[in-house]
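Working notes for the structure below.
The first residue in the sequence is number 1, and the count goes up from there. All values below were derived from every heavy atom in this structure, side-chain atoms included, with hydrogens, water molecules and symmetry-related copies excluded. Quantities reported herein were computed from a predicted structural model and do not represent experimental measurements.
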Amino acid sequence: MAQKQPALQVVRPVIPAGARAEVLDLDTLFRKYAPYVAAVAHRLLGRDEEVDDTVQEVFLAAVRGLSAIRDPNAVKGWLARIAVRSARRKLRKRRLRSFFGLDEVTGGEAVTDRSASPEQKALLARVYTVLDTLPVNERLAWTLRYVEGEPLESVATMSGCSLATAKRRISAAARTLEEAFADG
């Protein structure tokens with residue numbers, strides 16, 4: 001007598017009452033979050049020419065990890081973490097290229113709003129010039145905290161470090177900026 005095969009069960013995710021089910025497909029994610037990812041990358045990197053590549057890298061990584069996302073509400077933070085990792089790699093490569101004289105050091109003129117005054121543009125260019133001298137992890141933590149306005153816990157999560165480490169990085173970057181601006 002043949003054994004009866006158990007019926008296949010379809011497992012559906014449990015969605016809390018009142019929550020809206022959101023389909024996580026790449027096209028939807030790109031349309032919804034590409035401007036956000038581009039803005040984060042732009043402020044972290046301080047250069048226009050690296051933003052498009054960063055956005056592409058983020059969504060390429062998203063393709064690989066999309067199936068692991070269980071909570072559609074976590075997508076924005078997840079994409080921001082990927083953007084921070086990508087920016088970290090780009091900043092490290094930039095530092096290496098500039099060490100060998102292969103990369104031109106520029107200020108943050110591209111990051112300023114078009115409506116900014118000349119004084120504001122000069123100040124921001126000076127800030128990004130100082131940020132270019134910082135260790136990459138300090139720069140990222142400070143920028144996430146004070147340019148992006150992220151809470152400390154989010155800075156730690158996005159940076160892939162503990163809360164204490166994030167605080168130390170932000171503090172060290174702030175000291176360097178204070179010293180740079182105290183001189184002039």
Side-chain angles (χ1 to χ4, degrees), residues 8-97 103 106 108-116 124 128 131-132 134 136-163 165-167 169-170 173:
L8 290 175
Q9 293 180 334
V10 176
V11 179
R12 301 187 195 285
V14 178
I15 299 172
R20 188 172 66 89
E22 185 175 335
V23 178
L24 294 177
D25 67 277
L26 187 61
D27 187 49
T28 303
L29 287 179
F30 187 82
R31 281 193 230 152
K32 186 173 183 178
Y33 295 110
Y36 168 72
V37 170
V40 169
H42 191 241
R43 288 186 287 268
L44 290 174
L45 297 168
R47 293 185 183 177
D48 284 335
E49 67 269 10
E50 295 175 320
V51 172
D52 289 338
D53 288 342
T54 304
V55 172
Q56 288 178 11
E57 287 176 18
V58 168
F59 283 95
L60 182 61
V63 168
R64 293 184 204 122
L66 191 57
S67 62
I69 296 295
R70 301 285 178 245
D71 180 9
N73 296 323
V75 169
K76 186 176 180 180
W78 175 64
L79 291 171
R81 283 191 303 276
I82 297 170
V84 170
R85 285 194 305 266
S86 180
R88 179 181 289 120
R89 282 190 304 273
K90 287 189 180 309
L91 289 168
R92 286 180 175 158
K93 285 178 185 177
R94 184 193 302 171
R95 176 151 304 167
L96 186 61
R97 285 190 316 265
D103 191 41
T106 61
E109 298 89 6
V111 181
T112 58
D113 188 284
R114 290 186 179 118
S115 64
L124 194 56
Y128 272 90
L131 288 176
D132 280 340
L134 293 175
V136 171
N137 287 327
E138 289 178 12
R139 174 191 178 133
L140 290 173
W142 187 89
T143 305
L144 287 168
R145 179 71 173 131
Y146 292 113
V147 177
E148 284 297 308
E150 293 290 339
L152 288 170
E153 294 80 12
S154 294
V155 172
T157 301
M158 291 174 155
S159 298
C161 65
S162 70
L163 182 60
T165 299
K167 287 178 180 179
R169 290 174 179 173
I170 293 167

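Between the CG atom in Leu96 and the CG atom in Leu91 there is a gap of 12.5 Å [rounded to 0.5 Å]. Atom CG in Asn137 sits 7.0 Å away from atom OG in Ser159 (nearest 0.5 Å). How far CZ of Phe30 is from CG of Leu79: 11.0 Å, rounded to the nearest 0.5 Å. Going from atom CD of Glu50 over to atom NZ of Lys93 covers 10.0 Å, rounded to the nearest 0.5 Å. Annotation: the span from Leu29 atom CG to Leu66 atom CG amounts to 5.5 Å, rounded to 0.5 Å. Rounding to the nearest 0.5 Å places CG of Leu45 at 11.5 Å from CG of Leu131.
Between the side chain of Tyr146 and the main chain of Ile170, no donor-acceptor pair closer than 3.5 Å is present. Side-chain atoms of Arg145 come within 3.5 Å of backbone atoms of Glu150 as a donor-acceptor pair (strictly under, hydrogens ignored).
Annotation: side chain of Asp53 is in contact with side chain of Lys90 (closest heavy-atom distance under 4.5 Å). In this structure, Trp78 and Ile82 have side chains that are in contact, with non-hydrogen atoms separated by less than 4.5 Å. Side-chain contact between Arg47 and His42 is absent, with no heavy-atom pair separated by less than 4.5 Å.
For Ala38 against Val51, the heavy-atom pair with the smallest separation is O-CG1, 3.7 Å. For Ala141 against Ala166, the heavy-atom pair with the smallest separation is CB-O, 4.3 Å. In plain terms, the two heavy atoms of Ser86 and Thr54 that are nearest each other are OG-CG2, 3.6 Å. Shown here for Leu134 and Ala173, the closest heavy-atom pair between the two residues is CD1-CB, 3.7 Å.
Using modelled atom types and a 3.5 Å distance limit, the side chains of Ser162 and Thr165 yield a donor-acceptor pair.
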Checklist entry - Could you walk me through whether Arg139 and Arg169 pass the side chain to side chain contact (heavy atoms under 4.5 Å, CB included) check? => result CA-CA 8 Å; Arg139 174 191 178 133; Arg169 290 174 179 173; over 6 Å; no
Item to check | Worked check of side chain to side chain contact (heavy atoms under 4.5 Å, CB included) between Arg85 and Met158 | outcome: CA-CA 8 Å; Arg85 285 194 305 266; Met158 291 174 155; over 6 Å; no
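The cationic atom of Lys76 (NZ for Lys, CZ for Arg) lies less than 6.0 Å from the six-membered ring centre of Tyr36 and within 45° of the ring axis.
We find that Arg95 and Asp132 are not joined by a salt bridge, their nearest charged nitrogen and carboxylate oxygen being 4.0 Å or further apart.
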